[in-house]
Amino acid sequence: MAENQQPDLHAMRHSLAHIMASAITRLYPGVKLGVGPVVENGFYYDVDPGETQISEEDFEKIEAEMKKIIAENQPFERFTKPIDGAIAWAKEAGQPYKEELLNDLKRAGTTVAKDLDPEQLGVASEGEAQVAEVSFYKNGDFTDLCRGPHVESTGRAGAFKLMRVSGAYWRGKDANPQMQRIYGVGFASEKELRSYLNMLEEAKKRDHRKLGQELDLFTFSDLVGPGLPLFTPRGTILRRQLDNFVQSMRDEYDYQEVSIPHITKKDAYIASGHWKKFEHELFRIQTREGHEFAMKPMNCPHHTQIYAARSRSYKELPIRYRETTTCYRDEQSGELSGLSRVRSFAQDDAHVFCRTSQVEEEALKVWDIIDRFYGTLGFELTVRLSTHDSGNMEAYSGDPEKWESTEKQLLSIVKNKVGDNYIDGVGEAAFYGPKIDFMAKDAIGRTWQVATIQLDFNQPEGFDLTCVNEAGERERIVMVHAAIMGSIERFLSVYIEHVAGKFPVWLSPEQIRIITVNQEEKITAFADQLLQEAKKMGLRAVIDNDNESVGKKIRTAEMLKVPYSVVIGEKEVETGEVVPRIRKDIEVNAEHQPHTIEEFLKTVANEAKSRVNKTSL
RNA sequence: GCCGCCUUAGCUCAGCUGGUUAGAGCAUCAGUUUUGUAAACUGAGGGUCGUCGGUUCGAAUCCGACAGGCGGCUCCA
């Protein structure tokens with residue numbers, strides 16, 4: 001079968017992890033080993049080298065040793081030991097982490113930390129073993145506890161490169177000792193390795209932090225503080241255009257815009273349940289009279305109070321509030337990164353207050369907006385149903401039955417919409433309810449969580465939200481939380497990298513750049529006339545009348561990724577026509593040809609209006 | 001927050017093992033030039049080498065703390 005002809009990348013990468021571990025053991029005797037699994041594109045091994053530290057400067061040495069082991073073409077030999085014999089082996093070999101894993105295997109039959117009682121992790125056990133024997137793999141003089149599989153011998157492990165070393169908690173718990181995690185990538189051939197490394201270079205080029213500076217979109221200030229982005233005029237245009245697009249679709253579905261303050265009393269978060277869970281992530285404010293306030297980390301409590309300002313009839317429902325507004329969360333400093341994770345961010349937020357019977361229709365309306373938004377921006381979406389983890393109920397509010405029923409409701413919505421084409425996100429729910437999350441796949445194949453539709457039965461309880469029903473009784477309602485971009489900052493980080501800074505015309509901070517050949521009066525006047533016409537049509541145009549060569553000014557326009565530029569000189573003044581220079585990614589139906597100013601501007605304006613990345617010029 | 005690495009002009013970076021007034025390109029500003037589709041020429045300004053402290057006759061260079069950034073871990077309403 002053809003499949004058998006394919007190199008088994010998983011086995012190769014796993015073998016590379018062992019080869020790296022054996023190299024490290026040779027170079028750093030006494031090193032204690034953690035785990036060494038296969039990950040996307042490669043592998044890692046967690047090691048505890050004791051007093052010494054392994055740094056990226058040591059990679060050359062480790063790689064050389066690995067290459068030696070590969071050249072020795074040691075066979076991978078599998079053998080088994082009874083569980084108690086294995087534990088004795090770990091003790092003797094001075095491998096306490098392996099011993100801990102073996103104890104878990106013996107007692108619970110697994111080493112997966114999240115499936116185990118945290119109190120019991122790694123504790124030695126007496127009595128009957130869950131696992132009778134365990135397998136080992138040996139290459140050369142290196143032996144490791146391992147389930148396999150491996151390639152036949154070290155010579156067949158493929159091409160690799162060590163990438164980085166970082167800290168990682170033993171078994172992912174921050175109370176545990178921190179080990180050094182050494183990452184490598186592995187591929188079947190040198191050629192594939194090189195093409196992967198090239199792809200990484202490409203990803204670096206479109207890094208939103210780099211483009212944000214080059215395209216003058218946003219900045220950070222040490223005085224203002226980490227995680228607090230400052231948007232320039234250009235960046236603000238982008239935000240505004242994206243937000244307008246979302247809001248125009250919300251308008252179709254009769255959302256009403258509301259407006260709230262950015263701080264609130266602590267009491268609101270006690271009622272919502274957020275205080276209990278996120279007390280330490282709030283920016284807190286003490287008033288001079290000693291009352292405690294907090295910067296809002298989300299908008300639902302405020303919005304509930306607009307709903308709750310008077311009694312509501314069932315006839316009014318659903319009531320849909322929307323607002324794009326900034327939230328503040330005191331994220332851990334090590335978490336902050338560009339626009340992807342910040343301490344102040346704008347949510348394009350909305351809350352629908354409705355009866356349970358109205359949830360499906362409302363969710364589908366939001367879903368429609370999400371489809372149109374991401375479709376327009378060229379993302380492929382996948383859906384995740386994020387539900388609670390019944391083994392970890394302390395992370396959630398409300399009773400389990402209510403969780404079951406609301407999840408069933410969301411499941412049926414998802415099934416109706418996409419059939420079985422969704423991901424099961426057990427344990428991914430919000431503390432107040434299950435949600436439908438949307439993941440966008442970007443132009444270089446990475447996926448990011450973006451939009452979300454959340455069903456909340458807890459906050460209506462906490463804030464006692466009701467409507468008066470047909471029988472004249474107070475009836476509990478539910479809330480649907482819906483963000484399309486989620487956070488504009490985070491969305492921008494994804495989107496800037498998706499398009500590599502080449503925004504479609506409707507989003508471009510600068511749509512047309514008018515370049516003068518020289519500073520002669522008639523040329524400047526013509527350029528200015530073009531500028532005024534463009535402005536009249538609602539286009540964002542800029543004149544570059546600097547005393548620089550035309551080549552230089554073209555270059556500047558290219559580097560700013562302006563979609564259209566026109567050069568204005570003697571010729572244009574005489575004929576009254578322009579030959580637009582069009583950014584390469586924009587699809588054109590014809591060669592660049594002269595157009596009257598009116599034709600040109602009309603075409604660009606149409607393109608901007610229809611939010612496509614095409615032109616009929 | 002934790003582990004590791006990094007921090008020299010607005011940006012990108014030189015500055016060997018500590019040794020006189022710290023450099024370059026781009027950007028900025030001024031002058032010359034009046035330019036035709038990806039970088040004209042000349043000149044000028046701009047840095048208490050992230051901050052504070054220490055070692056030393058002497059610190060951009062060595063050590064420490066703090067701040068900020070990067071890569072991970074943990075977390076993510």
Side-chain angles (χ1 to χ4, degrees), chain A residues 39 44 46 48 53-57 163-183 207 209-210 213-214 216 219-227 269 272-282 296-301 327 329-338 340-342 345 347 349 395-397 428-433 435 449 452 454 456 458-459 481 483 486-487 490 513 515-520 523-524 545-560 565-572 579-582 584 592:
Chain A
V39 292
Y44 68 79
D46 282 350
D48 176 357
Q53 288 281 346
I54 295 173
S55 81
E56 286 173 22
E57 283 164 24
M163 300 302 285
R164 61 181 68 94
V165 55
S166 65
Y169 298 110
W170 170 237
R171 311 194 89 170
K173 286 172 62 79
D174 61 7
N176 281 342
Q178 189 137 22
M179 310 188 67
Q180 288 197 286
R181 176 167 297 176
I182 302 171
Y183 285 92
D207 188 317
R209 293 167 297 198
K210 183 168 168 280
Q213 184 183 62
E214 288 172 4
D216 188 23
T219 187
F220 289 89
S221 155
D222 282 359
L223 286 177
V224 174
Y269 302 123
S272 70
H274 288 93
W275 189 267
K276 197 172 138 206
K277 198 160 163 86
F278 296 111
E279 183 185 352
H280 301 292
E281 279 85 348
L282 296 177
K296 70 179 164 75
M298 89 299 294
N299 311 304
C300 6
C327 293
R329 295 178 185 174
D330 188 7
E331 304 287 0
Q332 301 185 96
S333 57
E335 266 311 321
L336 303 174
S337 175
S340 344
R341 192 75 178 270
V342 287
F345 56 95
Q347 286 183 323
D349 209 359
Y396 308 96
S397 300
E428 300 285 348
F431 77 86
Y432 48 67
K435 48 184 187 161
Q449 197 199 311
T452 177
Q454 313 181 350
D456 182 358
N458 272 298
Q459 293 194 63
H481 306 239
S487 132
R490 188 181 148 75
R513 175 156 289 218
I515 293 168
T516 55
V517 170
N518 61 42
Q519 281 72 52
E520 274 172 44
I523 289 174
T524 307
N545 191 33
D546 283 358
N547 180 8
E548 294 284 355
S549 66
V550 172
K552 174 65 178 293
K553 293 199 256 188
I554 295 275
R555 181 167 193 267
T556 305
E558 287 284 342
M559 299 216 295
L560 284 170
S565 40
V566 289
V567 175
I568 303 299
E570 200 84 25
K571 208 167 25 180
E572 285 71 21
V579 183
R581 186 185 166 93
I582 304 168
K584 284 189 214 76
H592 300 190

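What you are looking at is a predicted structure, and each value in this text was computed from that prediction instead of being measured. We name chains A, B, ... by the order of the sequence lines, and we start the count at 1 in each one.
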Between atom CZ in A:R329 and atom C1' in B:G1, what is the gap in whole Å?
-> 18 Å
Counterpart residues, salt bridge (charged side-chain N to carboxylate O under 4.0 Å, His left out), relative to A:D330 (two or more places apart) = A:R343
Protein and nucleotides 27-29 of chain B: nitrogen or oxygen contacts under 3.5 angstrom:
from	atom 1	to	atom 2	distance (Å)
B:A27	OP1	A:K552	NZ	2.6

Between A:H274 and A:F431, how do the two ring planes meet: parallel, tilted or perpendicular, split at 30° and 60°?
-> perpendicular
Face-to-face stacking of A:Y432 with B:A77, centres under 5.5 angstrom, angle under 30° | no
Result for 5'-nearest mapping on RNA chain B, choosing between A:V517 and A:K553, is A:V517
Taken to the nearest whole Å, CD/A:E331 to P/B:C73 is 16 Å
Using atom CD of A:Q519 as one end and atom C1' of B:A40 as the other, report the distance to the nearest whole Å.
-> 13 Å
Tabulated below should be each protein N or O lying under 3.5 Å from an N or O of nucleotides 30-32 of chain B; please produce it.
from	atom 1	to	atom 2	distance (Å)
B:U32	O4	A:N547	ND2	3.1

Are any of the side-chain heavy atoms of A:H481 and A:T452 separated by less than 4.5 Å?
-> no
So do the side chains of A:T556 and A:I515 get within less than 4.5 Å of each other, counting heavy atoms only?
-> no
Looking at the side chain of A:M559, which of B:A38, B:A77, B:G36 is the nearest nucleotide?
-> B:A38
Given the C1' atoms of B:A9 and B:C76, what is the spacing between them in whole Å?
-> 38 Å
Return the value, rounded to whole Å, for the distance between atom CG of A:L336 and atom P of B:G72.
-> 15 Å
Counting any heavy atom closer than 4.0 Å, what does A:R581 reach on the DNA or RNA strands: base, sugar-phosphate only, or nothing?
-> base
Given the C1' atoms of B:G50 and B:C57, what is the spacing between them in whole Å?
-> 27 Å
How would you label the contact of A:K571 with the nucleic acid (heavy atoms, under 4.0 Å): base, sugar-phosphate, or nothing?
-> base
Please list, chain by chain and in numerical order, all residues satisfying side chain to side chain contact (heavy atoms under 4.5 Å, CB included) with A:D349, sequence neighbours excluded.
-> A:N299, A:Q347, A:H351
So what does A:E279 touch, heavy atoms closer than 4.0 Å: a base, only the sugar-phosphate, or nothing?
-> nothing
How about A:L560 and A:R513: do any of their side-chain heavy atoms sit closer than 4.5 Å?
-> yes
Whichever of A:P226 and A:G551 has its nearest RNA chain B nucleotide further upstream toward 5' = A:G551
Is there a side-chain contact between A:Q459 and A:S397, using heavy atoms and a 4.5 Å cut-off?
-> no
B:C76 base to A:R490 side chain: any donor-acceptor pair below 3.5 Å?
-> no
Once you round it to whole Å, what is the distance between C1' of B:G71 and CZ of A:R209?
-> 9 Å
B:A67 and B:U51: how far apart are their P atoms, nearest whole angstrom?
-> 15 Å
Pairing annotation in dot-bracket form, given for RNA chain B with Watson-Crick or G-U pairs under 3.5 Å and | for cross-strand partners | (((((((..((((.....[...)))).(((((.......))))).....(((((..]....))))))))))))....
With A:K276, which residues qualify under side chain to side chain contact (heavy atoms under 4.5 Å, CB included), at least two apart?
-> none
Rounding to a whole Å, what distance do you find between A:E214:CD and B:C26:P?
-> 17 Å
Is there a side-chain contact between A:T516 and A:K553, using heavy atoms and a 4.5 Å cut-off?
-> yes
Report the residues that fulfil ring pair (Phe, Tyr, Trp, His ring centres under 6.0 Å) with A:Y169, sequence neighbours left out, ordered by chain and then residue number.
-> none
Report the residues that fulfil salt bridge (charged side-chain N to carboxylate O under 4.0 Å, His left out) with A:E281, sequence neighbours left out, ordered by chain and then residue number.
-> none
Tell me which nucleotide among B:A38, B:U34, B:G36 gets nearest to the side chain of A:K584.
-> B:A38
Where the side chain of A:E520 is defined as all heavy atoms beyond and including C-beta, which of B:A77, B:U37, B:U34 is the nearest nucleotide?
-> B:U34
Partners passing side chain to side chain contact (heavy atoms under 4.5 Å, CB included) against A:K210 (at least two apart in sequence or in another chain) | A:D207, A:E214
note: A:I515, atom CD1; B:U37, atom P; distance rounded to Å ~ 12 Å
Is any side-chain heavy atom of A:Q454 less than 4.5 Å from a side-chain heavy atom of A:Y432?
-> yes
Between CD of A:Q332 and P of B:G1 the distance, given in whole Å, is 8 Å
Partner residues of A:Y269 under the ring pair (Phe, Tyr, Trp, His ring centres under 6.0 Å) criterion, sequence neighbours left out = none
Collect all protein-nucleotide pairs involving nucleotides 42-52 of chain B in which both atoms are nitrogen or oxygen and the distance is under 3.5 Å.
none

Return the polar atom pairs (N/O with N/O) between nucleotides 2-11 of chain B and the protein under 3.5 Å, or none.
from	atom 1	to	atom 2	distance (Å)
B:C2	O4'	A:Y169	OH	3.4
B:C2	O2'	A:Q178	OE1	2.2
B:C2	O2	A:Y169	OH	3.3
B:C2	O2	A:Q178	NE2	3.3
B:C3	O4'	A:Q178	OE1	2.9
B:C3	O2	A:G167	N	3.0
B:C11	O3'	A:Q213	OE1	3.3

Scan A:V567 against the nucleic acid and name what it touches under 4.0 Å (heavy atoms): base, sugar-phosphate only, or nothing.
-> base
